[in-house]
Number of protein chains: 2
Amino acid sequence: MSPRIGLDLQTIIRKAAELADKSGLESVTLASLSQELGVRSPSLYNHVDGLSGLKEELSLYGLKSLHDKLLRAAAGRSGDDAVFAIGLAYIGFAREHPGLYEATLPAQHSENAELIRTSEELIKLIIQVMQLAFEMKQEDTIHLVRGFRSFMHGFATLERSGGFGLPVNLDESIQVVLQTYLTGIRVKFQSQ
Amino acid sequence: MSPRIGLDLQTIIRKAAELADKSGLESVTLASLSQELGVRSPSLYNHVDGLSGLKEELSLYGLKSLHDKLLRAAAGRSGDDAVFAIGLAYIGFAREHPGLYEATLPAQHSENAELIRTSEELIKLIIQVMQLAFEMKQEDTIHLVRGFRSFMHGFATLERSGGFGLPVNLDESIQVVLQTYLTGIRVKFQSQ
DNA sequence: GCTTATAAACTAATATCGTTAGTTTTATAA
DNA sequence: TTATAAAACTAACGATATTAGTTTATAAGC
């Protein structure tokens with residue numbers, strides 16, 4: 001009980017990610033993807049639940065890849081060093097995989113349980129790094145992790161959309177802002 | 001030399017913004033919008049250059065509205081107070097007009113001159129507030145404004161997409177993060 | 001007040017999507 | 001060798017944006 005083994009989910013998702021990174025997420029359609037795979041678009045329904053299903057799979061793949069990258073970046077590091085490492089890894093991922101990164105965004109208000117779980121794991125990782133770097137009340141950690149994520153996501157998005165027009169080095173901005181934020185944390189939450 | 005005066009650009013844009021805020025930007029189509037306006041979709045081409053032209057007009061309208069809101073918020077305030085005011089105004093705008101705010105994003109790498117100009121004015125306003133609040137090198141101001149904008153945009157986006165799941169107050173997060181950031185700026189750039 | 005020019009709104013038609021239904025094909029299990 | 005089941009296919013439909021060409025209503029000129 002097994003038929004033609006032409007396509008499988010992994011092949012489809014990889015090609016979709018490649019297409020998203022090359023031409024933008026909005027250019028990933030069942031039509032363009034099926035053509036790229038040498039197949040007719042209805043054939044994709046054997047592997048994926050329509051376009052929305054494809055986007056969910058892509059989101060999941062992106063979140064797992066991002067989580068994996070942050071995990072590797074944080075390994076063996078601690079304190080400011082670890083925070084910087086995951087921050088740069090985050091921006092790096094968004095730069096290397098702009099389309100795939102974009103696909104990860106609407107992950108949260110999905111119904112897909114695995115998507116929600118993977119999304120939560122990403123947060124947990126960041127919380128752990130921050131909690132180990134700075135000992136403070138759990139609630140404060142959550143506030144500050146929200147700030148960290150917001151900065152990372154906002155920077156990645158604005159950078160990609162060309163929002164930073166001025167001729168000032170972008171990597172330096174990341175350094176300065178993160179350093180400033182961490183200085184604020186140290187002064188405000190660990191001075192007494 | 002003047003024909004039927006049923007529609008005009010302003011009516012179209014306002015309705016499009018209303019639709020975007022109510023049902024999401026992706027639900028703004030020439031079909032849905034024309035139906036909402038009691039007109040056939042090709043009629044819109046008399047006022048707007050297709051769907052992409054409509055989106056550009058919407059983006060421009062959103063940027064102007066946002067700029068206006070920040071300007072009012074900053075009027076009569078200075079220092080930390082002014083920075084907090086525009087920060088809260090920014091988040092407030094994104095909360096009140098989620099669809100319109102979303103439309104403002106791809107403003108930068110557009111070719112539309114007025115769109116670029118309006119986008120630059122928004123930056124200039126934030127730079128002015130920050131520069132008056134903290135006296136420092138111009139280049140540092142730009143780094144820190146990038147951080148401020150990134151945080152605002154990231155927070156607004158993640159909040160809307162349901163990215164902050166944990167049961168911790170969101171407004172408090174804004175307060176804590178901004179305070180921490182401003183503390184860092186003061187210590188790092190104005191201590192000596 | 002009548003005519004006319006002009007811009008707005010229309011109808012008709014096309015191409016491209018996503019999607020569904022039903023058919024054909026082929027690799028594997030029996 | 002045969003039967004089964006999953007994959008890939010064709011055909012068709014509805015919705016979309018868009019273009020071309022037609023009709024219509026308003027305002028300007030006489």
Side-chain angles (χ1 to χ4, degrees), chain A residues 1-61 99 102-103 105-106 110-112 115, chain B residues 1-61 99 102-103 105-106 110-112 115:
Chain A
M1 40 176 154
S2 254
R4 322 182 197 179
I5 355 177
L7 279 183
D8 66 340
L9 186 57
Q10 202 173 44
T11 306
I12 292 176
I13 301 303
R14 281 187 201 279
K15 184 62 85 177
E18 185 187 319
L19 222 162
D21 287 339
K22 191 173 57 182
S23 316
L25 183 61
E26 81 287 350
S27 80
V28 177
T29 64
L30 294 186
S32 66
L33 181 58
S34 64
Q35 185 168 13
E36 199 78 17
L37 290 164
V39 114
R40 305 290 184 159
S41 70
S43 305
L44 296 176
Y45 284 78
N46 287 313
H47 303 276
V48 139
D49 186 15
L51 182 61
S52 61
L54 173 69
K55 292 283 178 73
E56 279 200 359
E57 295 286 351
L58 199 56
S59 183
L60 185 59
Y61 176 59
E102 192 182 347
L105 289 191
S110 160
E111 312 273 323
N112 188 319
L115 209 48
Chain B
M1 37 176 156
S2 252
R4 322 182 196 178
I5 356 175
L7 278 183
D8 66 340
L9 186 58
Q10 202 173 45
T11 306
I12 292 175
I13 301 303
R14 281 187 200 280
K15 184 61 86 177
E18 185 187 319
L19 222 161
D21 287 339
K22 192 174 53 181
S23 316
L25 183 62
E26 82 287 350
S27 79
V28 177
T29 65
L30 294 186
S32 66
L33 181 58
S34 64
Q35 185 168 13
E36 200 79 15
L37 290 164
V39 113
R40 305 289 183 160
S41 71
S43 304
L44 295 176
Y45 284 78
N46 286 312
H47 304 276
V48 139
D49 186 15
L51 182 61
S52 61
L54 173 69
K55 292 281 178 74
E56 278 199 1
E57 294 288 351
L58 199 56
S59 183
L60 185 59
Y61 176 59
E102 192 182 347
L105 289 191
S110 161
E111 310 274 321
N112 188 319
L115 208 48

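No experiment lies behind these values; they were computed from the predicted model shown. Letters A, B, ... mirror the listed sequences (proteins, then strands); counts begin at 1.
If you check C:dC10, D:dT10, D:dA17 against the side chain of B:R40, the one that comes closest is C:dC10. Side-chain atoms of A:P42 lie closest to C:dA21 of the nucleotides D:dA17, C:dG18, C:dA21.
You'll find a donor-acceptor pair under 3.5 Å spanning the side chain of A:N46 and the base of D:dA8, going by distance alone.
Put simply, A:S43 has a side-chain N or O that comes within less than 4.0 Å of OP1 or OP2 on D:dC9. Phosphate contact (OP1/OP2 of D:dA8, side-chain N/O of A:H47, threshold under 4.0 Å): present. The side chain of A:Y45 contributes an N or O atom lying less than 4.0 Å from OP1 or OP2 of C:dT19.
No donor-acceptor distance shorter than 3.5 angstrom exists from the side chain of B:S43 to the backbone of B:S34, with no hydrogens or angles considered. Judged by distance alone, with hydrogens and angles left aside, the side-chain atoms of A:S41 form no donor-acceptor pair with the main-chain N or O of A:L30 at under 3.5 Å.
Counting heavy atoms from C-beta outward, A:Y61 and A:R14 have side chains that approach closer than 4.5 Å.
Atom-to-atom distance recorded for B:E102:CD and B:K55:NZ is 9.0 Å, nearest 0.5 angstrom.
The interatomic distance linking A:L30 (CG) with C:dC17 (P) rounds to 10 Å, in whole Å.
Taking a pair to require two hydrogen-bonding distances under 3.5 Å in either a Watson-Crick or a G-U wobble arrangement, C:dA30 pairs with D:dT1.
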